[in-house]
Visitor: 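What follows is a single structure, and I will ask about it in a moment.
Predicted, not measured: the structure shown is a model, and the values here were computed from it. The sequence lines fix the lettering, A, B, ..., with proteins before strands; numbering per chain opens at 1.
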2 protein chains.
Amino acid sequence: MKRGEKSSDTWIYDQVFGAILEQRLRPETKLTESELCDVFGVSRTIIRKVLLRLSLDRVVELRPNRGAIIAAPEPKEVREIFDARRLLEDGIVTEAARKCRQVDTDALESMSRQEHKCIDAQDISGAIRLSGDFHLKLAEIAGNRPLHELLRQLVAQTSLAIARYVPAGQGMCDDDDHDRLISAIASGDVELSRRIMREHLSACERRLMLETPETHSDLRLVFADVVAAQ
Amino acid sequence: MKRGEKSSDTWIYDQVFGAILEQRLRPETKLTESELCDVFGVSRTIIRKVLLRLSLDRVVELRPNRGAIIAAPEPKEVREIFDARRLLEDGIVTEAARKCRQVDTDALESMSRQEHKCIDAQDISGAIRLSGDFHLKLAEIAGNRPLHELLRQLVAQTSLAIARYVPAGQGMCDDDDHDRLISAIASGDVELSRRIMREHLSACERRLMLETPETHSDLRLVFADVVAAQ
DNA sequence: TGAATTATAATTGTATACAATCTGAATAAC
DNA sequence: GTTATTCAGATTGTATACAATTATAATTCA
């Protein structure tokens, strides 16, 4: 079973990955192998390959003998992801600002327009995905394949973080950081580009409710003081 | 089949990965599934899982219908890997210099001593592996899991680059950059640490013979001028 | 009734069987 | 003699069968 030119497992991987990016699959959702087999009409061999790849991207958690679930990053992990992104994307935006050509600017602007359209249409899922694609496009412009690949992993994990820590229906990027970023990059202003990127990522991070306690809290901790007072 | 606590596929993955790091498996070596099955006494299911993981780490190249070979990064890719490492490890060493405790310094010094021992004993393989472990230890000290994981991939690819572009039997790090790095980090001198790291990585890169033409060159390019003059 | 235990069903882990594809040598054509 | 072609063997891709483990329901015993 092939769709287009890709192998079936890559196609299925993209479908599941996309569903996670667009939050149609939310954190902690169980991914039963046989169900995925039915959905995509392939054997468990293929599904297990897809799940392994997703787990190595850390968007799926593979629990031995207990199946796969969509990953649910803890607040601490999310902060580390943003720290890592600030580091990587500082380098990426620096290089992008140096190398950016007219075609690149056009591509970025096109992506930003699409993103605005999604936001206007309340299409949160689409907006989140396009926002990630925008950052990956910068990595592509910067022209470093390993960095691009590493950022791809971090962007995916960021989408999970957004899915988990932003109230459903609320957007992440109602401002126009991306447009300001495009201007700075197109003009080749490295320092300005870096500052915008740094502040953009920090603004995204602040919008997440990382201080909110976990839904499945430790009962001993929850009632610690009550029990102590008793 | 379990060795210690790990699952058999993780154990086999480590064995193959280690063999690549230590250059017992050189670039372009064919990894036939049935041979690996015999060697490790498991079915192809397990071997294929291991090969998939290795290919996602980009240390193995999985060619559709044509099997797996040890990856052989091109000079351009190697330069990109070093560029990526300079970026990541700049952030890592900065954080490591801030957070480094006595136990960490002790661990680093112990690793460096081991490395010197390997070099003295002409154990190039061991030295390459320990050198990578040293850099990964810094990432661990820096305390950012995603970054640590990303660097792990880059370190593995660096080992491949060394395997390919350093003449057999010649060491990479006969100087004591690592020791100077430990001193700088232990003293908490961020700027000095960063400079040493940056120069250390660049020195490693320069030691590679990236300007050497490929063994399997493009015949059209090789004879381009001859044909044109004819 | 309620906790513990057992039995049963569902799910995952691994090996194997079979199909598809590739490789290379032998044969055929020029 | 060189280039095509065909065919056999080897290798990879996928599906399925069976074993091991976990989850759930039923049952037993206090």
Visitor: Round to the nearest Å and state the distance from I46(A) atom CD1 to dA19(C) atom C1'.
Guide: 13 Å
Visitor: Could you tell me whether R86(B) and D83(B) make a salt bridge, using a distance below 4.0 angstrom between a side-chain N and a carboxylate O?
Guide: yes
Visitor: Please determine if D123(B) and K117(B) form a salt bridge, counting it only when a charged side-chain N lies under 4.0 Å from a carboxylate O.
Guide: no
Visitor: Can you tell me if the side-chain N/O atoms of K49(B) get under 4.0 Å from OP1 or OP2 in dG13(C)?
Guide: no
Visitor: Do NZ/NE/NH1/NH2 and the carboxylate oxygens of D9(A) and R53(A) come within less than 4.0 Å?
Guide: yes
Visitor: Assess the residue pair T158(B) and R85(B) against the criterion (side-chain hydrogen bond (donor to acceptor under 3.5 Å, both in side chains)); give the C-alpha distance rounded to whole Å, side-chain angles, the decisive distance to 0.1 Å, and a yes or no.
Guide: CA-CA 9 Å; T158(B) 306; R85(B) 280 192 67 165; 3.0 Å; yes
Visitor: Report, one pair per line, the protein and nucleotides 8-11 of chain C atoms (nitrogen or oxygen only) whose separation is under 3.5 Å.
Guide:
none

Visitor: I47(A) has an atom CD1; how far is it from atom C1' of dA15(D), in whole Å?
Guide: 13 Å
Visitor: Taking only N and O in the side chain of R48(B), is any of them less than 4.0 Å away from OP1 or OP2 of dT12(D)?
Guide: no
Visitor: Do L136(A) and H148(A) have side-chain heavy atoms sitting under 4.5 Å apart?
Guide: yes
Visitor: Check the distance between dT14(C)'s P and L36(B)'s CG and give it to me in whole angstrom.
Guide: 17 Å
Visitor: Does S43(B) make a side-chain N or O approach to OP1 or OP2 of dA15(C) shorter than 4.0 Å?
Guide: yes
Visitor: Could you give the CZ-to-P distance, from R63(B) to dC22(C), as a whole number of Å?
Guide: 12 Å
Visitor: Got more than 12 heavy atoms from elsewhere within 6.0 Å of NZ, K30(A)?
Guide: yes
Visitor: Take the protein atom CZ of R44(A) and the nucleotide atom P of dA15(C), then report the distance between them rounded to whole Å.
Guide: 14 Å
